[in-house]
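Here is the structure we will look at, set down as structure tokens.
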There are 2 protein chains.
Amino acid sequence: MTGGQAITSRAGSGGPPRPDRRARRRQETIAEILDIARDVMTAEGVNGLSLAEVARRLGVQPPSLYKYFPSLMAVYDALFAQGQRDVVATMTTAMADADPGLEALIAGLEACGRWSLANRAVAELLFWRPVPNFRPSPESFAASIEMVRLQRGALADAVAVGQLGPGALEEDAVFLVSALIAGVLTQAIANEPELPWGEGRFSPMFPRLMRLLPAAFPLPD
Amino acid sequence: MTGGQAITSRAGSGGPPRPDRRARRRQETIAEILDIARDVMTAEGVNGLSLAEVARRLGVQPPSLYKYFPSLMAVYDALFAQGQRDVVATMTTAMADADPGLEALIAGLEACGRWSLANRAVAELLFWRPVPNFRPSPESFAASIEMVRLQRGALADAVAVGQLGPGALEEDAVFLVSALIAGVLTQAIANEPELPWGEGRFSPMFPRLMRLLPAAFPLPD
DNA sequence: GTCTATATTATGATAGAC
DNA sequence: GTCTATCATAATATAGAC
């Protein structure tokens, strides 16, 4: 199922494929590997990921994968990095479409929740750290700092427009907020892994929790 | 390192050890196996538990363990059941020592949090369900129903004494409450696994979250 | 960039001697 | 209730042919 195109083009032109074409093909294969890896994690658990199973599903022999990733941990790292980028982009878009302040904060967290239930396995990898001996590379980790920055910005906006009190500017405000979304997500993923955001017993609690934010960071009298 | 006592007593009396003595020794070994299993999970992750490693640490050969547990999953189930009993007992005690109602609810949840950070690996097994193909047996699962019952009772008490509004009697109130403790715990375990309850960035948020309960279940006007 | 072959290591589990 | 020996399986990873 692979190589047909490349061989055809090579036979047709008589020359080797253009470098960018080869590079693009390589990127496609990498993307396919990561896609399959996500499927495997969803089916077998985050720890159940194995290069052997990925190779089986891709229809190649395990050693071939080492041309694309130097180790299993490198695959985890790529999944982590891509997932983190993906969730941050999703949150950023959702926040940009909402009024700055509390609405944007809630929209961003809700987008994070929706994404996490739609990408359960990667969300576990990102937020639960279930793989021993796996530490995300510094570059991967950088994106999670961006996530905190996003939330801090929205909290500051909410203070600026008078929706929240000055407590929301404190350093730990973001930890309180992230515990709220983490709680809903953990319960949903652990107890109702098949249900999307908005269904089940836990994610519908999210809007109610968000309505508590003004009480958590009260305006000064 | 074992067997010395039994051989001595057998040699001394000339007869076989009394059945209850043998049974007690067996229970001690089972307890020791579970103890070591907890250590292994703490060190290698919940999924890193293996009978081979337990046997190594216990100083026996792997097949010997099958005299005590029929499979690895049976060990997980025993850990699950014991952990669930343990955390429910801890919560029950903490709640009994507090005023019925909101204080008891908070004391129970706080005890659950303290226990979970002190028993990280088992808490992950209980609340995250990270082991694929592991379903707790019905008996094990029964204790987690008791946990819900405890919380519902405290919520009802809080309504009865006028601390919370009637919303706390609704079926989903316990899901909201459990999302609060789950959020703090998830963040603490994932990001600061070495820190006990009360330290770090997340578990100190718990009292602040509990102070939001009256706003979550407001009294009628 | 794919393959075969292989090294190395590990696992869960069973049979059967003692 | 312990052991040795073994089965069956699986994993990551490397060497080297094509």
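Below, chains carry the letters A, B, ... as their sequence lines are ordered, and counting in each starts from 1.
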Discussion item. I'd like to compare against my own output: the B/S/- annotation of nucleotides 4-18 of chain D with a strict under-4.0 Å heavy-atom distance to protein.
Written reply: BB-----SSBB----
Item to complete: Would you tell me whether A/R22 and A/Q27 have side-chain atoms, one donor and one acceptor, within less than 3.5 Å of each other?
Response: no
Worksheet entry | Whole angstrom value for the distance that separates P of C/dT11 from CZ of B/F69 | 18 Å
Discussion item. Assess, by modelled atom type and distance only, whether the side chains of B/R25 and B/T29 contain a donor and an acceptor separated by less than 3.5 Å.
Written reply: yes
Worksheet entry | 4.5 Å side-chain heavy-atom contact, A/W197 and A/W115 | no
Item to complete: Describe, in one word, how the ring planes of B/F202 and A/F175 are oriented to each other, choosing from parallel (under 30°), tilted (30 to 60°) and perpendicular (over 60°).
Response: perpendicular
Discussion item. Rounded to whole Å, how long is the line connecting atom CZ of B/R22 with atom P of D/dT2?
Written reply: 12 Å
Practice prompt. Using the side-chain contact (heavy atoms from CB on, under 4.5 Å) rule, take B/Q151 and B/M95 through it: C-alpha gap first, then chi angles, then the decisive distance, then the call.
Written response: CA-CA 10 Å; B/Q151 290 179 43; B/M95 293 172 79; 5.8 Å; no
Fill in: Whole-Å distance separating the CZ atom of B/R21 from the C1' atom of D/dG1
15 Å
Worksheet item: Hey, is A/R208 close enough to B/D172 for a salt bridge, meaning N to O under 4.0 Å?
Response: yes
Fill in: Nearest-Å distance for atom pair CZ/C1', residues B/R25 and D/dT2
12 Å
